[in-house]
Enquirer: 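Below are the structure tokens for one structure; questions will follow.
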Number of protein chains: 2
Amino acid sequence: MSFELPLDQIFRGDCIEMMQMLPSGSVDCVFADPPYNLQLRGELRRPDESVVDGVDDAWDKFADFATYDTFTRAWLGEARRLMHKDATIWVIGSYHNVFRLGAIMQDLGFWILNDIVWRKSNPMPNFRGRRFTNAHETLIWAARGPESKYRFNYQAMKALNDDLQMRSDWYLPLCTGNERLRNTHGLKLHPTQKPESLLHRVLIASTHVEDIVLDPFCGTGTTTAMAKRLGRRYIGIERHPDYVEAALGRTQREVRLPPDQLAITPARREAPRVPFGSFVERGELPAGTTLWDRSRRVKAVVTPDGSLVSGQQRGSIHKMGALLTGAASCNGWTFWHMERDGALVPIDVLRTTETALRSAG
Amino acid sequence: MSFELPLDQIFRGDCIEMMQMLPSGSVDCVFADPPYNLQLRGELRRPDESVVDGVDDAWDKFADFATYDTFTRAWLGEARRLMHKDATIWVIGSYHNVFRLGAIMQDLGFWILNDIVWRKSNPMPNFRGRRFTNAHETLIWAARGPESKYRFNYQAMKALNDDLQMRSDWYLPLCTGNERLRNTHGLKLHPTQKPESLLHRVLIASTHVEDIVLDPFCGTGTTTAMAKRLGRRYIGIERHPDYVEAALGRTQREVRLPPDQLAITPARREAPRVPFGSFVERGELPAGTTLWDRSRRVKAVVTPDGSLVSGQQRGSIHKMGALLTGAASCNGWTFWHMERDGALVPIDVLRTTETALRSAG
DNA sequence: GTTGCGTGTGAATCACGAA
DNA sequence: TTTCGTGATTCACACGCAA
């Protein structure tokens with residue numbers, strides 16, 4: 001049996017069983033924080049459903065890895081089925097499990113886009129002085145397959161980083177203080193609650209408003225709460241009733257940001273396409289006008305159909321830019337300039353004016 | 001057949017076959033930079049139309065993941081046989097291959113101690129704006145097994161990091177400039193030459209003077225050269241004759257530091273923003289350099305872990321400044337000077353560069 | 001000598017929609 | 001499924017030459 005896709009809900013149950021009931025190709029993004037260690041939470045079972053007990057001689061270590069791998073293949077396989085062709089997935093782990101996660105993801109056909117390092121500003125020190133301070137965790141960001149046309153909000157990430165490309169190493173604090181959920185005894189409710197800043201960056205980078213986000217290991221609901229705040233739709237799955245209760249209350253209390261605060265720096269490739277010829281038609285750049293490159297080394301003349309002519313050659317603004325410079329390709333909008341008050345101005349200013357008019361009207 | 005262990009040599013040949021001829025349990029540390037199995041699909045151009053010189057060498061091409069895994073299991077298995085019970089291994093990779101490396105290492109019985117992130121100060125940007133800038137690579141540090149009594153020079157690492165525990169994220173520049181080996185046409189000799197600062201930290205962290213270090217993918221000899229400089233014994237294996245020739249010459253020219261400059265030591269120091277040790281690692285203020293006070297009344301010598309030595313005394317730049325002047329305390333950054341073009345310049349100038357400032361964040 | 005500008009380059013899985 | 005046209009896209013350094 002299979003449900004219609006339920007939105008903005010958090011379910012209690014085994015994530016593999018729950019995912020099996022959801023329809024294929026229905027989610028835009030998955031965020032998963034799977035158990036890091038078999039012995040910790042008793043969530044792991046062998047394929048025959050017997051529970052793994054924690055013995056640590058060499059033979060059993062191998063059995064543990066095999067069991068962990070089986071479990072990992074099962075939930076990643078279901079998650080992949082639920083993802084539509086262009087969806088992406090984030091999986092977080094530490095050196096205990098992340099290598100198995102990554103290898104299995106590759107085996108299942110996921111196409112890794114980046115591995116992201118979450119550098120903790122306040123990690124726990126190494127008390128025994130026998131290793132380097134374990135100051136980071138790793139996120140694997142992957143598309144469903146190599147041909148996916150996945151979403152990456154490049155300009156938004158650049159804006160988040162002082163107008164420099166966002167790198168693969170992120171420096172963020174642990175979840176502490178008021179953000180950390182606690183029980184009535186003041187003890188932390190969940191051992192590995194993720195910081196909201198981490199989910200903020202993940203969701204802003206790889207999803208759009210109204211996109212559907214699935215978290216199969218929902219825990220205390222950082223993903224669902226942040227999805228709601230940022231105007232994304234969410235589906236959470238969590239096995240432990242206490243965590244489900246906390247996640248439900250927390251997400252319920254969360255308030256969706258108003259639309260004007262949800263807008264991110266738009267991607268230029270998604271701006272409405274305006275034909276160069278339309279400016280010729282309207283007389284804003286009449287046929288006969290001469291265009292130049294930035295340093296006046298090459299020039300061309302605008303024709304009535306919006307193509308350019310230079311000598312015997314004729315073509316679009318892009319084709320002519322490439323042709324005259326010998327480049328493989330060329331963005332004609334930024335290459336060609338027109339004279340305005342004696343100075344050269346890129347013809348792209350025509351387009352930005354147009355865009356402004358459209359959004360205003 | 002099997003050789004006695006040959007020391008301080010670089011061999012040309014297939015690393016699996018060569019390792020098979022060496023005796024079991026004979027090396028203290030392995031550093032391995034295996035092929036990454038990048039899967040580049042076409043030409044990549046910068047926004048200025050220049051072409052990126054990608055890694056297209058035959059040695060990096062594998063038919064599929066299964067082929068790569070078979071190769072990886074084979075060389076890691078031989079490396080493990082050569083390691084004695086308490087030896088450790090370093091393996092470096094990127095998201096293309098590191099998950100497979102780590103999972104296979106765990107399957108073979110290695111015990112992962114840390115995953116280390118080499119954060120590059122100057123990575124190549126993402127030119128098409130379709131992903132996060134791939135700004136790091138990952139090193140896996142592992143013992144031969146869970147019971148290994150491995151070497152970790154905790155105090156030396158702490159000293160190198162201005163008396164703060166060394167973290168799992170390391171900020172180091174790429175190998176560029178004079179350090180990068182070039183052929184007679186000025187082209188890079190090896191597409192992926194590793195920086196000396198990386199090997200410096202690896203060797204200081206996990207080996208002792210006279211320890212035997214094996215590099216099965218020796219390339220142009222960064223490992224062997226740094227092992228010689230730091231007084232370690234080395235065995236290099238490399239398949240490509242051009243790389244072997246370069247590694248031999250480079251390692252030949254390298255000079256072993258004198259004994260008093262090789263000693264590493266515990267130190268208790270303050271923590272300014274930029275660790276003094278980072279300049280030592282990067283070779284901007286190499287071990288062996290003599291520092292003076294402003295009026296050349298006292299002097300001291302820089303050691304590989306970033307502490308100073310003068311006579312029988314050893315300590316941080318701050319402690320040694322205080323000690324040698326009889327003061328209660330001292331700001332080593334302004335007290336100590338280095339010679340530059342015959343004049344004395346405070347070492348604090350090292351910190352004023354953009355690079356230095358960034359290493360803190 | 002110093003400063004500043006132009007150029008080159010690094011382990012890279014680097015477009016996408018319409019017809 | 002394939003072809004084709006449009007047009008989006010770079011950061012930190014090192015080095016050489018000019019002012």
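Proteins get letters first, then strands, A, B, ... in listed order; numbering begins at 1 in each.
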Enquirer: Roughly how many Å apart are C:dG1 and D:dC17, using the C1' atom of each and rounding to a whole number?
Expert: 15 Å
Enquirer: Looking only at side chains, do B:Arg250 and B:Thr222 share a donor and an acceptor under 3.5 Å apart?
Expert: yes
Enquirer: Contact class for A:Pro275 vs. all strands (heavy atom < 4.0 Å): base, sugar-phosphate, or nothing?
Expert: nothing
Enquirer: Let me know the distance between NE2 of B:His190 and P of C:dA11, rounded to the nearest Å.
Expert: 10 Å
Enquirer: Tell me whether the NZ or CZ atom of B:Arg239 lies within the 45° cone about the ring axis of B:Trp59 and under 6.0 Å from its centre.
Expert: no
Enquirer: Within the structure, does a side-chain N or O atom of A:Asn331 lie under 4.0 Å from either OP1 or OP2 of D:dA8?
Expert: yes
Enquirer: Under 4.0 Å between a side-chain N/O of A:Lys158 and OP1 or OP2 of D:dT10, yes or no?
Expert: yes
Enquirer: Is the closest side-chain heavy-atom distance between A:His136 and A:Thr138 below 4.5 Å?
Expert: yes
Enquirer: Hey, is NZ on A:Lys299 packed in by over 12 heavy atoms from elsewhere, all under 6.0 Å?
Expert: no
Enquirer: As a test of reading the structure: which of D:dT10, C:dG10, D:dG7 is closest to the side chain of A:Ser329, going by heavy atoms?
Expert: D:dG7
Enquirer: Any idea which of C:dA11, D:dC11, D:dA8 is nearest the B:Glu137 side chain?
Expert: C:dA11
Enquirer: Please compare B:Thr176 and A:Gln106 by the position of their nearest nucleotide in DNA chain C and report the one closer to 5'.
Expert: B:Thr176
Enquirer: CD of B:Glu245: more than 12 outside heavy atoms within 6.0 angstrom?
Expert: no
Enquirer: Using the P atom as the reference point in each nucleotide, state the distance between D:dG5 and C:dA12 in Å, no decimals.
Expert: 32 Å
Enquirer: Given atom CZ of B:Arg46 and atom P of C:dG8, what is their separation to the nearest angstrom?
Expert: 10 Å
Enquirer: Are any of A:Arg268's side-chain N or O atoms less than 4.0 Å away from OP1 or OP2 of D:dG7?
Expert: no
Enquirer: Using a heavy-atom distance cut-off of less than 4.0 Å, which residues of residues 299-320 of chain A contact DNA chain D?
Expert: A:Ser316, A:His318
Enquirer: Between protein and nucleotides 14-19 of chain C, map the contacts as a letter string: B base, S sugar-phosphate only, - none, heavy atoms under 4.0 Å, written 5' to 3'.
Expert: BSSS--
Enquirer: Between A:Arg119 and B:Asp169 (salt bridge meaning N to carboxylate O under 4.0 Å), is one present in this structure?
Expert: yes
Enquirer: Work out how far the C1' atom of D:dT10 is from that of C:dT7, and round it to whole angstrom.
Expert: 14 Å
Enquirer: Reckon B:Asp33 touches a base, only the sugar-phosphate, or nothing at all at heavy-atom distances under 4.0 Å?
Expert: base
Enquirer: For B:Lys188 and C:dT9, is the shortest distance between a side-chain N/O and OP1 or OP2 below 4.0 Å?
Expert: no
Enquirer: Can we say B:Lys194 and B:Glu179 salt-bridge, meaning some charged N sits less than 4.0 Å from an Asp/Glu carboxylate O?
Expert: no
Enquirer: Expressed in angstrom and rounded to an integer, what is the separation of B:Glu49 atom CD from C:dT9 atom P?
Expert: 16 Å
Enquirer: Within the structure shown, what part of the strands sits under 4.0 Å from B:Arg180 by heavy-atom distance: base, sugar-phosphate, or nothing?
Expert: sugar-phosphate
Enquirer: Test the A:Arg144-A:Trp111 pair against the cation-pi criterion, namely NZ or CZ under 6.0 angstrom from the six-membered ring centroid and within 45° of the ring axis.
Expert: no
Enquirer: Quick one: is D:dA8 close enough that its OP1 or OP2 comes under 4.0 Å of any side-chain N or O from A:Arg351?
Expert: yes
Enquirer: Roughly, in whole Å, what's the span from NE2 in B:His136 to C1' in C:dG10?
Expert: 16 Å
Enquirer: Distance check needed: C:dA11 P versus B:Leu139 CG, whole Å only.
Expert: 14 Å
Enquirer: Can you check whether any acceptor in the base of C:dA11 is under 3.5 Å from a donor in the side chain of B:Lys194, or vice versa?
Expert: yes
Enquirer: With the threshold set at 4.0 Å, does a side-chain nitrogen-carboxylate oxygen contact exist between B:Glu137 and B:Lys120?
Expert: yes
Enquirer: Cation-pi check, A:Arg80 to A:Phe110: give yes when NZ or CZ is under 6.0 Å from the six-membered ring centre and within 45° of the ring axis, no otherwise.
Expert: yes
Enquirer: How would DNA chain D look in dot-bracket form, 5' to 3', counting Watson-Crick and G-U wobble pairs with both distances under 3.5 Å and writing | for bases paired to another strand?
Expert: .|||||....|||||||||
Enquirer: Does A:Lys158 have more than 12 heavy atoms from other residues, nucleotides or ligands lying within 6.0 Å of its NZ?
Expert: yes
Enquirer: For atom P, what is the distance between C:dA11 and D:dT9, given to the nearest Å?
Expert: 25 Å
Enquirer: Report the distance from atom CD of A:Gln155 to atom P of D:dT10, rounded to the nearest whole Å.
Expert: 7 Å
Enquirer: Using a cut-off of 4.0 Å on non-hydrogen atoms, how would the nucleic acid contact of B:Cys175 be classed: base, sugar-phosphate, or nothing?
Expert: nothing
Enquirer: Which of these, A:Asn114, A:Asp115, A:Thr88, sits in a side chain to side chain donor-acceptor pair (under 3.5 Å) with A:Trp141?
Expert: A:Thr88
Enquirer: Can you tell which of D:dG7, D:dT10, C:dA12 lies closest to the side chain of B:Asn134?
Expert: C:dA12
Enquirer: Using the C1' atoms only, state how far C:dG10 lies from C:dC14, rounded to an integer number of Å.
Expert: 15 Å
Enquirer: Classify the side chain of B:Asp56 versus the base of C:dA12 as yes if they form a donor-acceptor pair under 3.5 Å and no if they do not.
Expert: no
Enquirer: Between A:Glu270 and A:Arg268, is there a side-chain N and carboxylate O pair less than 4.0 Å apart?
Expert: no
Enquirer: If you find the nucleotide of DNA chain D closest to A:Trp333 and the one closest to A:Tyr154, which residue's nucleotide is nearer the 5' end?
Expert: A:Trp333
Enquirer: Touch check for B:Pro123, heavy atoms < 4.0 angstrom, all strands: base, sugar-phosphate only, or nothing?
Expert: base
Enquirer: Could you state the atom-to-atom distance from CG of B:Asp60 to P of C:dA12 in whole Å?
Expert: 11 Å
Enquirer: So what does A:Ile112 touch, heavy atoms closer than 4.0 Å: a base, only the sugar-phosphate, or nothing?
Expert: base
Enquirer: Closer than 4.0 angstrom, basic N to acidic O: yes or no for B:Lys61 and B:Asp56?
Expert: no
Enquirer: What is the distance, rounded to the nearest whole Å, between atom CG of A:Asp163 and atom P of D:dT9?
Expert: 12 Å
